[in-house]
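Residue numbers start from 1 in every chain, and the chains themselves are labelled A, B, ... in the order their sequence lines are given, proteins ahead of strands. Keep in mind it's a predicted model, so treat the numbers as computed, not measured.
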Amino acid sequence: MALAEDQRIENPLLEGLQLSRRPEPCAMVIFGASGDLTKRKLFPALYSLAYRQLLPEKFGIVGVARTEESDDGFRERMKAAVQEFGRDDFRDDVWEWLADGMHYVAGTAEDGDDVFVHIDETLTDFDRDRGTSGNRVYYLAVPPPAFETIVKGIGKHRSKQGWTRLIVEKPFGHDLQSAQELNTLLHKHFDENEIFRIDHYLGKETVQNMLALRFANGIFEPIWNRQFVDHIQITVAETIGIEGRADYYEHAGAIRDIFQNHLLQLIALTAMEPPIDFAADSVRNEKVKVLKSMHTPGPKHVVRGQYGLGYIEGQEVPGYREEQGVDPSSMTETFIAAKLFVDNWRWADTPIYIRAGKRLARRETTIAIQFKGAPHPPFEEAAAEGLRPNVLLIHIQPDEGVSLAIGAKVPGQGLQIRTVHMDFLYGGAFRTDLPEAYERLLIDCMRGDASLFTREDEVIEQWQLVDAIVAFWRRDRPSFPNYAAGTWGPPSSDELLRRDGRSWRRH
Amino acid sequence: MATALDTVSAIERKLAALRLADEGSRLRTNVMTHIAWVPEEWVEAAEDVLAGLAERHPSRTIVLFPQSAGAGLEGKVESESFPMSEGLTICTDTIRIRLHGTSAEHPASVVEPLLVPDLPVFLRWRGVPPFGESAFDELIGVADRLIVDSTEWPGLPKPYARMAEIFDRLAVSDIAWARTSRWRPMLASLWPAIAKVERIKVTGTEAQAQLLAGWLRSRLDRSIGLEHEPSNKLVGVELDGEPAPFPPGDPPIPADLLSDELDKLSRDPVYEAAVIAAV
């Protein structure tokens with residue numbers, strides 16, 4: 001029962017009603033329908049949205065991939081995917097509603113225009129039979145080499161009525177030049193406000209909670225700056241290896257896989273100024289300012305590593321060069337650590353240490369704001385030896401939440417100080433399951449809300465920084481592998497902080 | 001259940017002891033204090049709704065059972081834990097207090113020391129509140145939001161007039177109003193034809209009929225006649241003799257209705273106007 005905004009203005013009965021925020025009718029076309037992303041993330045997300053009646057009432061899906069498959073075959077495969085990877089109970093009625101509007105088109109770039117004609121016919125049928133009104137979401141869940149043909153095909157056959165939106169999965173380019181070329185290609189067929197560059201980290205509830213934490217709590221703003229913050233540590237650690245994605249990872253490495261997108265977005269959200277509102281461009285304008293303010297780190301401020309054989313959860317795991325499909329002499333980095341600076345009034349001279357990598361000691365994504373110590377602790381040195389600086393720790397995953405490390409008196413005689421943690425566990429206060437990032441992002445795109453998607457200028461700034469780092473990496477050849485799987489990266493990562501009299505947070 | 005505690009201090013000590021007895025992995029995240037005033041005849045229904053609520057809204061729940069006889073109070077404290085992800089459990093407290101004699105007339109002095117500081121206080125009142133009496137007056141003084149279910153009230157719409165008098169003191173939720181929430185968007189979708197309606201017939205509870213009629217009167221700013229056909233749930237609405245389409249979806253269960261109201265913090269001016277127009 002979605003009611004239009006203009007009807008709300010003149011209809012007094014609408015006041016105070018919590019109307020359905022279901023998006024307008026639309027059809028979604030997924031290129032890469034036989035891929036892992038579609039199976040593990042997109043369909044489970046679509047099912048969860050259908051389960052909660054959040055998808056448009058009039059909706060249809062066209063899956064496109066090179067594999068020959070019938071509509072029924074596609075439905076069965078996606079049903080199995082939802083049952084395996086979905087977070088909700090499997091309900092036949094929900095699935096049947098979704099499956100009823102699912103079609104499959106087999107095709108490749110070699111098929112030329114035929115595949116797009118076929119897609120267009122299916123979408124026209126949707127408009128007629130399912131009332132999708134010419135509104136289209138195209139999802140590019142395909143490797144970058146396929147982008148050009150698909151974008152041109154969509155552009156040629158785009159609907160003359162309704163709206164058209166394009167979701168582009170990472171990697172968005174391989175370097176600055178390729179990102180600019182991709183932007184040029186996209187802009188030949190789409191306006192910037194029709195392009196939704198996805199970084200699924202931004203769809204995570206806890207990443208968005210950063211905005212709530214910073215801008216809904218007056219206590220943090222006065223101390224969220226160089227005067228009170230000693231430094232910031234951001235960790236994106238994975239225990240998994242490359243999971244059979246050697247083709248992609250050999251070309252990407254940690255810097256393109258994590259640093260260019262997720263890590264720089266986390267830095268931007270941590271360091272940005274308060275936006276005037278939460279409109280898409282207000283937030284993105286502030287994030288871009290942070291990215292523009294980041295100066296290129298020198299070679300001594302960036303560490304790269306590659307894992308060798310080691311142990312994860314007690315089991316031996318191979319080194320990166322032994323992974324299937326990886327060049328035995330590969331120089332691809334699986335770990336990156338850096339000391340970065342945001343050169344603006346708020347953060348000048350405040351280091352932001354980042355580290356990200358695969359096969360690290362534990363899975364964790366955290367942002368740690370380490371505050372400066374008390375100016376003159378009146379305690380005896382021995383009494384305060386257990387005291388560490390205050391740290392505001394934002395857990396992005398797992399254990400989503402926030403904790404604050406504070407000094408407290410140990411009960412008993414004398415005045416012994418120890419650091420204790422005050423924890424807020426996200427799921428403990430709000431007893432609802434956290435939605436998967438893709439659910440939020442898909443529905444936002446259908447509603448036309450680009451707040452959690454990356455804008456062109458953000459991508460350009462991100463690549464400029466990455467290109468500068470990669471440029472000096474070309475000049476040396478580190479001795480890889482330089483850390484054992486299951487550890488916290490190469491010793492030079494620890495040295496990066498030790499030089500400054502600091503250390504990575506203990507875990 | 002633990003042995004009865006006869007002073008507020010004893011209840012506080014018991015709460016502290018339970019907290020210390022917790023295993024380290026238990027969390028005590030609270031989002032509110034939930035007070036329930038449960039006269040004897042509502043005990044069974046109240047316990048049914050309370051079951052499962054704490055799990056959805058981590059809170060300190062204080063259930064007050066006013067007693068006509070005796071003196072003093074008898075309290076019992078329970079700590080419940082609910083499993084969460086990553087092997088953690090969340091822990092919430094339920095305090096049940098039988099109030100006798102003056103403590104039933106002046107419950108605020110019992111309740112105030114037990115509120116979780118700085119968090120919203122929701123007061124669930126079973127049956128018709130005794131508007132103007134000290135117990136009710138004191139408790140709405142400590143609460144941020146009153147939750148009633150006017151379906152439980154005899155003699156409607158008269159009690160609505162008394163309730164309207166407290167709208168300036170705290171926010172009010174009415175579960176009877178929440179039960180009309182599926183129907184209101186449906187009726188709103190009949191705009192503009194519905195603007196000229198003269199008479200509404202509601203097959204449902206008295207409260208639902210009165211509130212829907214009050215809502216139409218207040219929103220359309222004119223007089224509209226009401227015909228009520230009793231039913232224990234809202235099953236039909238006619239506008240000037242024409243049946244309105246049945247809204248989609250299933251009606252929510254009582255625990256969900258209360259749970260939803262516990263998520264609301266601000267006043268509902270549309271509901272308040274409907275109550276005033278229902279009288």
Tell me whether Lys58(A) at atom NZ has more than 12 heavy atoms from other residues, nucleotides or ligands lying less than 6.0 Å away.
no
Can you confirm whether more than 12 heavy atoms, excluding those of Glu221(A), are under 6.0 Å from its CD atom?
yes
For the residue pair Val270(B) and Gly16(A), what are the closest heavy atoms and their distance?
CG2-CA, 3.9 Å
Does atom NZ of Lys409(A) have more than 12 heavy-atom neighbours, drawn from other residues, nucleotides or ligands, at distances under 6.0 Å?
yes
Heavy-atom pair with the smallest gap, counting every atom of Asn11(A) and Ala188(B):
ND2-O, 2.9 Å
Leu187(B) and Leu13(A): which non-hydrogen atoms are nearest, and at how many Å?
O-CD1, 4.1 Å
